[in-house]
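Just below is one structure, and these are the notes that go with it.
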Amino acid sequence: MNDSQRASERNEQQVAVAVIHFKDLVLVGRRPPGRPWAGYLEFPGGRLQPGESWQEAAQREALEETGLSVTIEAHLLTVHADYDYGRLEIRFFSAVPAAESLPTPRAPFFWLDIARLLPEDFPPANAAVIAQLRQRLLSQR
């Protein structure tokens, strides 16, 4: 049984997220009105498509949402979250832009200094990855 079949049996949506960083910056966007968690910040990501790996989904979603090609570096962590609209399995991946200089993302995404990442600005499922990012990337400063 594959990941997709197991998630379907648990009625769980699978979401791949690209946490794109460049030097001391991380790419975030503001969730639009009319969507769950409207007004909160988010990392680019979305649901897996049939036959797609988690890493492929994170790369595709990054390109679709931000216009940026990225290289996936590593799996950061997996979070299971229950929201009013369903249960999510979210896998966060560290990623870097394919460009060698700071690329300009498509709105509503923008670069934010990692030191300014605050868990309360994101939906709750992001808290652990934000803590990990701040600890790991800020320790490199």
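Residues H21 and P97 approach most closely at O-CD, 3.3 Å, considering heavy atoms. For A18 against A58, the heavy-atom pair with the smallest separation is CB-O, 3.8 Å. The two atoms that bring V15 and W54 nearest to each other are O-CZ3, 3.3 Å, heavy atoms only. Contact between G39 and R30 at its shortest, heavy atoms only, is O-NH1, 2.7 Å. Among all heavy-atom pairs drawn from I90 and A125, the shortest one is CD1-CB, 3.7 Å. Residue E52 comes nearest to Q49 through the heavy atom pair OE1-N, 2.8 Å, listed as atom of the first residue, atom of the second, then distance.
Side-chain atoms of W111 come within 3.5 Å of backbone atoms of P103 as a donor-acceptor pair (strictly under, hydrogens ignored). Put simply, the side chain of R87 never gets that close to the backbone of A81: no donor and acceptor are under 3.5 Å apart. No donor-acceptor pair under 3.5 Å is formed between the side chain of E61 and the backbone N or O of V17. Judged by distance alone, the side chain of R91 and the main-chain N or O of H75 form no donor-acceptor pair under 3.5 Å. Looking only at distances, a side-chain donor or acceptor of Q59 sits under 3.5 Å from a matching main-chain atom of V70.
Placement of L68 and L25 within a single hydrophobic cluster is found when ILVMFWY residues are connected by side-chain heavy-atom separations under 4.5 Å, directly or transitively. Neither F93 nor V96 shares a network with the other; the hydrophobic side chains, linked directly or stepwise wherever heavy atoms of I, L, V, M, F, W or Y lie under 4.5 Å apart, form separate groups for each. Cluster annotation: W37 and V19 are assigned to the same hydrophobic cluster (Ile/Leu/Val/Met/Phe/Trp/Tyr, side-chain heavy-atom contacts under 4.5 Å, transitive).
Remark: F22 CZ is packed, more than 12 non-hydrogen atoms of other residues, nucleotides or ligands lying under 6.0 Å away. For R106, the CZ atom is densely surrounded, since the number of other residues' heavy atoms within 6.0 Å is greater than 12.
Looking only at side-chain heavy atoms (C-beta outward), L133 and L117 come within less than 4.5 Å of each other. For the pair L63/S69, a side-chain contact is recorded, criterion being any heavy-atom separation below 4.5 Å from C-beta on. Taking 4.5 Å as the limit, every side-chain heavy atom of P105 sits out of range of all side-chain heavy atoms of E65. The shortest side-chain heavy-atom distance between P124 and Y40 does not fall under the 4.5 Å cut-off.
Under a 4.0 Å N-O distance rule, the pair R60/E56 does not qualify as a salt bridge.
Paired with F43 under the rule side-chain contact (heavy atoms from CB on, under 4.5 Å), one option of I20, L27, V26 passes, and it is V26.
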Checklist line | side-chain contact (heavy atoms from CB on, under 4.5 Å) evaluation trace for F122 with V28 | finding: CA-CA 10 Å; F122 290 78; V28 298; 3.7 Å; yes

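The distance from the CG atom of L48 to the CD atom of Q55 is 9.5 Å, given to the nearest 0.5 Å. With values rounded to the nearest 0.5 angstrom, L88 atom CG is found 10.5 Å from Q14 atom CD. Here CG of L118 is found 9.0 Å from CG of L41. Values are rounded to the nearest 0.5 Å. Taking NZ of K23 as the reference point, atom CG of D113 lies at 13.0 Å (rounded to 0.5 Å).
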